[in-house]
Amino acid sequence: MSTFAKPENALKRAEELINVGQKQDALQALHDLITSKRYRAWQKPLERIMFKYVELCVDLRRGRFAKDGLIQYRIVCQQVNVTSLEEVIKHFMHLSTEKAEQARSQSQALEEALDVDDLEADKRPEDLMLSYVSGEKGKDRSDRELVTPWFKFLWETYRTVLEILRNNSKLEALYAMTAHRAFQFCKQYKRTTEFRRLCEIIRNHLSNLNKYRDQRDRPDLSAPESLQLYLDTRFEQLKVATELELWQEAFRSIEDIHGLMCMVKKTPKASLMVVYYAKLTEIFWISSSHLYHAYAWLKLFTLQKSFNKNLSQKDLQMIASSVVLAALAVAPYDHTYGASHLELENEKERNLRMANLIGFNLDLKPESREVLSRSSLLSELVSKGVMSCVTQEVKDLYHLLEHEFLPLDLTAKVQPLLSKISKLGGKLGSASSLPEVHLSQYVPALEKLVTLRLLQQVSQVYQIMKIESLSQMIPFFDFFAVEKISVDAVKHNFIAMKVDHMKHVVLFGTPGLESDDLRDHLTVFAESLNKARAMIYPPTKKSSKLGEILPGLGEIVDKEHKRLLARKSIIEKRKEEQERQLLEMEREEESRRLKQLKITEEAEQKRLATEYEQRNKQRILREIEERELEEAQALLEEQEKRSKRKGGKKPILEGEKVTKQILMERALSEQLRERQEMEKKLQKLVKTMDYLERAKREEAAPLIEAAFQQRLVEEKALHEHEQQLETELSRQRHDGDLKEKYRLSRMLENKIIFEERVKSRREAEFNQRRADREERINQIIQARKQEREALRKKIFFVRSEEERLKKLREEEEARKHEEAERRRKEEAERKAKLDEIAEKQRQRERELEEKERVRRETLLGRATDGLHRPSELPAGPEPGAAAAAAAAAPAPAKYVPKFRRGGTEGSAQAPPETDKWGGGSSRPAPPDSDKWGGGSSGGTGQATSDTDRWGGGGRWGSGGSRPDDRNPPGDRWGGGSKSTWSSSRPRGR
């Protein structure tokens with residue numbers, strides 16, 4: 001880590017490194033300076049260093065370095081000059097944005113270049129492998145490598161700046177500006193993943209701000225400016241979320257805005273509330289929450305009507321029509337019918353939550369809420385006069401669907417109204433805060449409502465109807481869709497109907513009666529069965545029944561007794577369970593009571609603490625007033641003393657209320673009056689002095705002129721007298737100098753002699769010193785010549801020795817190379833010879849096989865002749881033995897042990913004598929056989945081409961194979977084992 005005496009030195013060093021292309025070293029030098037503890041006091045050079053530092057970070061894309069440097073610089077200038085930090089951060093963001101824009105301008109296919117799911121994720125291994133093996137070259141790959149890294153760095157820049165400014169009350173505006181720019185970045189490039197992460201970051205910042213309230217420089221949300229900045233940021237987040245169609249994130253933004261308002265207990269401006277409810281209507285419509293959507297429209301209509309005075313009648317009519325159509329689009333039945341207790345509780349909690357968001361009521365008490373429902377909404381629309389503002393088509397549609405009973409003509413009257421409504425809507429005027437209204441989006445929901453109303457009214461008139469007739473009455477949907485709608489209506493107890501597809505009819509009924517019949521139909525069925533059984537099997541007489549029961553009465557009594565005991569035990573267990581539940585409920589009630597008591601005590605403590613703080617504030621105010629009153633009394637007394645000294649009147653009237661402020665004002669007015677009087681006196685004195693001075697100068701002017709003339713006369717006489725004295729003195733000095741010259745002219749010859757003597761002595765001394773110097777120089781030159789000669793000889797010797805050693809090394813390398821070439825040639829020759837030997841061996845084996853085949857054919861021919869001529873059979877072995885001997889003959893390529901060979905051949909004839917040196921052939925070796933082999937150059941050691949058990953078939957290997965098949969080239973004798981040579985060498989040796 002390099003240290004610098006001044007920060008300017010570090011900046012100069014960094015610029016020098018940049019000029020020579022070492023930007024990384026320059027960045028490290030500046031980073032060491034910024035993170036050093038020596039420079040904790042803010043200076044102007046530190047700002048220039050930070051500008052250069054962020055430029056290097058942007059050029060090298062070092063986001064971590066930039067974050068560390070900005071955090072350290074924030075610590076330095078937070079309490080001294082926070083504006084400098086703001087300028088540095090703005091410069092940092094400007095550079096990052098500029099670089100990203102430059103990269104974007106260089107790429108002509110930005111959508112392909114930014115085809116990345118997550119800017120914070122690294123490259124996956126499979127992507128890297130695919131990029132190397134695929135043919136993606138040229139523009140696509142250059143776009144990815146050029147544009148994506150810069151946009152990743154820009155996103156990291158926004159995150160870094162937001163993290164640095166999150167708890168800084170002095171830079172709230174910069175924090176809001178950075179958040180807005182990050183939102184626009186996500187909106188422009190459709191970065192949904194980064195937008196979710198950005199919303200989570202801002203949400204965590206606000207939660208930490210509320211969690212840690214004792215931080216220094218923490219933003220105060222109760223301040224109007226801070227609250228407005230945070231609200232603007234949340235509303236911008238809401239707008240971008242809806243434009244990106246991230247509805248879940250948009251709903252979270254709505255909750256953030258509501259939570260922020262609940263936190264500060266203030267309602268935002270009407271213009272922001274219009275945006276709030278407009279986005280809320282979109283969210284509820286997308287989530288199919290039509291009831292909440294209608295309530296949001298109602299709040300939006302109320303805001304526009306109350307606060308927007310420039311709203312035209314046409315725009316108000318369109319907004320009111322949207323409210324009524326949204327209310328009509330709500331399903332007319334209760335979705336909670338038949339739901340469980342848990343589902344009802346969840347629905348209640350959800351309604352309470354939505355009511356908080358829609359009503360924007362900052363009071364969170366549940367009992368202050370009213371139930372949200374379609375009927376209450378419609379009645380509220382009528383009571384608030386919304387129906388008087390809507391268009392005639394919407395008003396007619398409302399009366400047809402809610403108040404008219406037209407089971408046969410309903411669709412005929414509603415269909416033209418829906419076609420007209422679908423054409424209404426569009427952009428609103430500039431006075432409205434809403435951009436546009438589309439009424440056509442409510443047409444499908446209204447068609448479904450018309451279908452439900454038609455089914456409801458038809459069910460009240462008809463009991464049965466053909467499916468074809470019903471389909472003709474509902475032109476909006478086919479019967480499959482109508483059946484699906486009716487299933488939901490029956491499920492929620494809106495209508496009672498059945499569809500009989502076999503008879504192609506629809507059966508209508510009353511919902512209440514149908515449910516009662518369904519509830520009791522099993523009971524009625526059981527009673528009917530009991531009556532039928534009694535009629536088929538009438539009961540027997542009591543006497544016979546008693547006679548049948550008496551034999552098993554004791555068993556029945558025992559069973560009844562056991563049943564009663566079991567029932568008693570069950571009752572006891574139920575009582576115990578009930579008591580346990582009662583105890584548990586009492587315990588829970590006690591815990592709730594204690595919790596409530598604790599909450600009450602905490603509230604009481606807070607109230608007492610608040611009262612104590614108020615009393616302290618009042619006491620402090622009283623002390624301040626008393627102190628000011630004492631100071632006022634002291635000022636009053638001092639002013640009275642001053643007025644008594646001056647003989648003036650009293651400055652304060654009796655009975656007047658005296659305060660410090662009044663006394664200070666009157667003292668200031670008194671001082672001003674005295675100053676004005678003093679200025680008047682001074683002006684009068686100045687005028688008097690001016691007159692006196694002018695009179696004196698008029699009288700003194702002639703006297704001054706006379707004195708001047710007298711002075712001129714006196715100075716002229718004095719000048720002439722001094723001139724005469726100077727002339728006389730010059731003449732006397734000249735005469736004295738002439739006398740001195742005559743006196744010294746007598747010593748001129750002696751002076752010349754002395755001068756010659758001194759010159760000759762100094763010249764001799766100079767010549768002697770010059771000769772000594774030349775002699776020393778010659779000696780030094782000779783010494784240096786000798787040194788150079790010795791050095792030259794030494795260098796020559798070293799070079800000659802190096803050349804000799806180099807020559808020796810080259811000769812040694814040449815010799816080794818020649819030796820390697822010679823060995824390679826010998827190896828090649830040896831391999832060629834071995835191949836030739838192997839070929840001869842294979843030829844010899846083929847000849848032996850051919851001879852063996854001829855011999856077998858000969859033997860087989862003789863055996864056949866013997867079979868044809870049994871009288872000519874020899875006295876030898878039997879024909880079966882001959883066949884066995886022929887069968888026992890070894891195959892050409894199969895190993896046969898010696899005892900078997902001997903046994904089979906010994907019966908026919910005695911084997912020939914083997915070679916002395918391990919000859920393994922049963923016949924004499926060919927003339928070109930090897931000296932040591934037996935039967936071939938490879939030394940087979942048996943009657944056929946098979947090798948013996950030791951593998952010593954040839955001179956270099958076993959069985960005539962090449963030496964490099966199994967044996968390493970370095971083994972001279974081959975054989976594959978240490979015992980090969982010892983087994984195959986001659987026995988005599």
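All values below come from the heavy atoms of this structure, side chains included, with hydrogens, waters and symmetry mates left out.
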| Is there side-chain contact between Ile421 and Thr391, with heavy atoms separated by less than 4.5 Å? | no
| said: Any non-hydrogen side-chain atom of Val482 less than 4.5 Å from a side-chain atom of Asp478? | reply: no
| request: Applying ring pair (Phe, Tyr, Trp, His ring centres under 6.0 Å) between Tyr292 and each of Trp285, Phe284, Tyr277, report the one that passes. | output: Phe284
| task | Would you check if the distance from the ring center of His258 to the ring center of Tyr276 is below 6.0 Å? | result | no
| request: I would like to know whether Glu236 and Gln184 meet side chain to side chain contact (heavy atoms under 4.5 Å, CB included); could you show each step before the answer? | output: CA-CA 9 Å; Glu236 183 67 21; Gln184 293 302 319; 2.6 Å; yes
| Parallel, tilted or perpendicular for Trp297 and His293, by the 30°/60° rule? | perpendicular
| request: Specify whether Phe185 and Trp155 have parallel, tilted or perpendicular ring planes, treating 30° as the upper limit for parallel and 60° as the lower limit for perpendicular. | output: parallel
| message | Within the 4.5 Å heavy-atom criterion, are Glu249 and Thr192 side-chain neighbours or not? | response | no
| How are the rings of Phe494 and Tyr333 set to each other: parallel, tilted or perpendicular (split at 30° and 60°)? | tilted
| query | Is there a donor in the side chain of Ser96 and an acceptor in the side chain of Thr157, or the other way round, less than 3.5 Å apart? | reply | yes
| query | Does the side chain of Glu194 come within less than 4.5 Å of Tyr189's, by heavy atoms? | reply | no
| task | I would like to know whether Lys466 and Val506 meet side chain to side chain contact (heavy atoms under 4.5 Å, CB included); could you show each step before the answer? | result | CA-CA 6 Å; Lys466 291 184 179 180; Val506 179; over 6 Å; no
| Test item: Met473 and Met465 side chains (from C-beta on) under 4.5 Å apart, heavy atoms | yes
| query | Hey, are Glu282 and Thr242 close enough side-chain-wise for a donor-acceptor pair under 3.5 Å? | reply | no
| said: Under a 3.5 Å cutoff, is there a donor and acceptor pairing between the side chains of Ser376 and Tyr295? | reply: yes
| said: With heavy-atom distances below 4.5 Å as the criterion, would you say the side chains of Lys279 and Val274 are in contact? | reply: no
| said: Quick test of your reading of the model: are Arg203 and Glu200 salt-bridged, counting only N-O distances below 4.0 Å? | reply: yes
| request: Would you indicate whether the side-chain heavy atoms of Arg252 and Cys199 approach each other to under 4.5 Å? | output: no
| said: Could you check whether Glu163 pairs with Arg159 (Lys NZ or Arg NE/NH1/NH2 to Asp/Glu carboxylate O, under 4.0 Å)? | reply: no
| field | Exercise: do Asp315 and Ser312 side chains pair donor with acceptor under 3.5 Å | value | yes
